Amino acid sequence: MNNNDTGETQKQDFIRTLVNDDLASQRFSGKVQTRFPPEPNGHLHLGHAKSICLNFGLASEYGGVCNLRFDDTNPTTESEEFADSIRKDIEWLLGHELPEEPVFASNYFDQLYEWAERLVELGKAYVDDQTAEMISTQRGSFTEPGVNSPFRERSPEENLVLFREMRAGKFSEGQCVLRAKISMDHDNMNMRDPVLYRIRHESHFRTANDWVIYPTYDWAHGQSDAIEGVTHSLCTLEFDSHRPLYDWFLEQLEIPHDKRPYQTEFARLNFTHTVLSKRLLRQLVEESVVQGWDDPRMPTLSGQRKRGYPPSAIRAFCDHIGIAKTNSTHEVELLESFVRSELNQTADRKMAVINPLKLTITNWPKGEIEYRDAINNPEDPSQGSRKVPFSGDLYIEHEDFMEDPPKKFFRLSPGREVRLRFGYFITCNEVIKDDDGNPVELLCTYDPETSGGKAPDGRKVKATLHWVEASNCVEGSAITYARLFRSEHPDTSSDVFQDLNHASLTKFSSVKFEPSIQDLLDGEVVQFERLGYFCKDDTEANLFHRTVGLRDEWANIQKRKGTN
RNA sequence: UGGCCCGUAGUUCAACUGGCGGAACGCCUGGUUUUGGUCCAGGAGGUUGCAGGUUCAAGUCCUGCCGGGCCAGCCA
């Protein structure tokens, strides 16, 4: 695999082509500036990661600036807590602190208001006293033109008085709005006299009680871009039909062409077996399907962090998938392969037994402990090695023993010899079972001649098992995760909750770890050999979350047998 | 139903202004290996949505159709 492609070749996609064209034509005198504009009313997820990588990546490639701009135009749903968590997630993803302090659309409320007055004076905006319902029915449909509001022809003077009274708090919520005066029979519904300001008698987390009218997204966005000096305003496909509006406002306000940002849309990110809509994600949290926004099964950035996904792997993934206008759904396995690829290079190896089966070496000198050399990372010899205790009292993985093994099962079974990693060859001689016939202990002998992992007589074994020494081990637990939804495209079904995978979390409570896990930092990711990558929990002692498993040939063989 | 956007291996993307359709992930086979991991080599997988047209030559240009997405919040 070549995931860690350093990619010297310049990336090429339709957006970078546009930027190069603008550079060539000196459209913005060689400047490139972008922005990432989340609304502080929820948590960031993988879909946002694509946009963050694009916006911040593009700016840094072209030596420009990318602002984190909070689109805080709706006091009803937004909060400082969301803003703080968004900033934290972005800095984690980027791997460094924000080069610039975040900015807020609310910083521009004065300017936005002033511009709105100008539009009123120009006769291009009016105060409409109708209810939301009336305005909605008057908007018409895709095939029917809208009808003009009875208040559409108010004079600029009257509108200015009314608009100032709106601002002064003279009216109640919903009593009136400010609308742009464009055209009620436009093919594009967004151009049918859109609302610019609505009344909210609510405190805003940045501007407190300074305002009782708040700009809508359409009125705030393009002008905020212009104020900041954004050149390329990148957003997702669903804003395509808003672009004519974006341009219309800048045109009316006579923003000079070389200072006029323009909007370009790209396809948002989707994953198989995953939902990325704010509404559904919130529902998963509120209905306690998951344990919170940062549940490791959540596609939120905080969830991925808790699970141990390296941000560099998410960035490499975003680089790899590129930017296009085609609606697309990526296989979650692709992201996982980037996570493995990264972790394979960086994660230290340890040993843990997740589902222990006692194994006693009958010819081992009683009570003797030997310290075996174990390499920390075969991909990176500079990481050195450690000593792991070994004795005649061990645990191995339950799944590594079968009394009556099928073909192609290479692990331990009665009479068979296997290697214990960093240890010796052992042969299973006897199986001790409980009343139900389940194996509870294996009696084995070891060959002292195989200390180097090889037999002097050249005989081979077909498997190497991981193990943990019983008297020195650390006890704890581990959680493995599977996808939250069973179907590939859960969000297309009418009831996504019907599609939940009820086995998305499996907790193992009597895990045996080698002693060295006590030196691990919270949030550190290691590979437990043959089991996968695991991340140390930051709140509970000796708890590990499985970030992602290893590729598993044996599981594939079993799956094939199951389906045939 | 009107307007706009999009259709290239299973998936996601390449293929400079028309010039032999490639890669990654996934899958399969073999090699290496003290992780059934990693790594290496090879393989299968395509009527470029369909039908016409222009051209010596079309994934690329033109026309029509089909399929998918978005738009009728005082959300963003």
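All figures in this text were calculated on a predicted structure; none of them were measured in a lab. Lettering follows sequence order; numbering is per chain, from 1.
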In terms of ring plane angle, is the pair A/Phe163 and A/Tyr113 parallel, tilted or perpendicular, where the classes change at 30° and 60°?
-> parallel
Between protein and nucleic acid, restricted to nucleotides 66-72 of chain B and to nitrogen or oxygen atoms under 3.5 Å apart, what atom pairs and distances do you find?
residue : atom : partner  : partner atom : Å
B/G69   : O2'  : A/Asn327 : ND2          : 3.4

Quick one: is A/Arg530 getting a side-chain N or O under 4.0 Å of the B/G36 phosphate, OP1 or OP2?
-> yes
Does A/Glu333 get its side chain close enough to the base of B/G10, under 3.5 Å, for a donor-acceptor pair?
-> no
OP1 or OP2 of B/U12 less than 4.0 angstrom from a side-chain nitrogen or oxygen of A/Thr329, does that happen here?
-> no
Can you tell me if the side-chain N/O atoms of A/Arg198 get under 4.0 Å from OP1 or OP2 in B/A76?
-> yes
Mind calculating the distance between CG (A/Asn270) and P (B/C6) to the nearest angstrom?
-> 17 Å
For A/Thr131, which contact category applies under a 4.0 Å heavy-atom criterion: base, sugar-phosphate, or nothing?
-> base
A/Lys278 side chain near B/A76 phosphate (N/O to OP1/OP2, under 4.0 Å) = no
Between the base of B/G10 and the side chain of A/Glu331, is there a donor-acceptor distance below 3.5 Å?
-> yes
Using a 4.0 Å heavy-atom cut-off across all strands, classify A/Arg411 as base, sugar-phosphate, or nothing.
-> base
Dot-bracket for RNA chain B: what is it, with Watson-Crick or G-U pairs under 3.5 Å, [ ] where a pair crosses earlier ones, and | for a pair to another strand?
-> .((((((..((((.....[..)))).(((((.......))))).....(((((..]....))))))))))).....
Name the orientation class of the two ring planes belonging to A/Phe544 and A/Phe528 (parallel below 30°, tilted from 30 to 60°, perpendicular beyond 60°).
-> perpendicular
How is A/Thr450 classified with respect to the nucleic acid when contacts are heavy atoms under 4.0 Å: base, sugar-phosphate, or nothing?
-> nothing
Can you tell me if A/Tyr217 and A/Asn74 form a side-chain donor-acceptor pair at under 3.5 Å?
-> no
Sugar-phosphate only, base, or nothing, as touched by A/Glu379 at under 4.0 Å among non-hydrogen atoms = base
Decide side chain to side chain donor-acceptor pair (under 3.5 Å) for A/His242 and A/Asp218; before the verdict, give the C-alpha distance in whole Å, the side-chain angles of both, and the deciding distance to 0.1 Å.
-> CA-CA 7 Å; A/His242 291 252; A/Asp218 284 314; 2.8 Å; yes
What integer number of Å spans the C1' atoms of B/G49 and B/G7?
-> 6 Å
A/Leu550 or A/Phe422: which one's nearest nucleotide on RNA chain B is closer to the 5' end?
-> A/Phe422
Go through the N and O atoms of the side chain of A/Arg551 and the base of B/G36, and report whether any donor-acceptor pair is under 3.5 Å.
-> no
Ring centroid separation for A/Phe390 and A/Trp467, is it under 6.0 angstrom?
-> yes
Report yes if a side-chain nitrogen or oxygen of A/Thr216 is closer than 4.0 Å to either non-bridging phosphate oxygen (OP1 or OP2) of B/G73; otherwise report no.
-> no
Hey, does the side chain of A/Arg200 come within less than 4.0 Å of B/C75's phosphate (OP1/OP2), counting only N and O?
-> yes
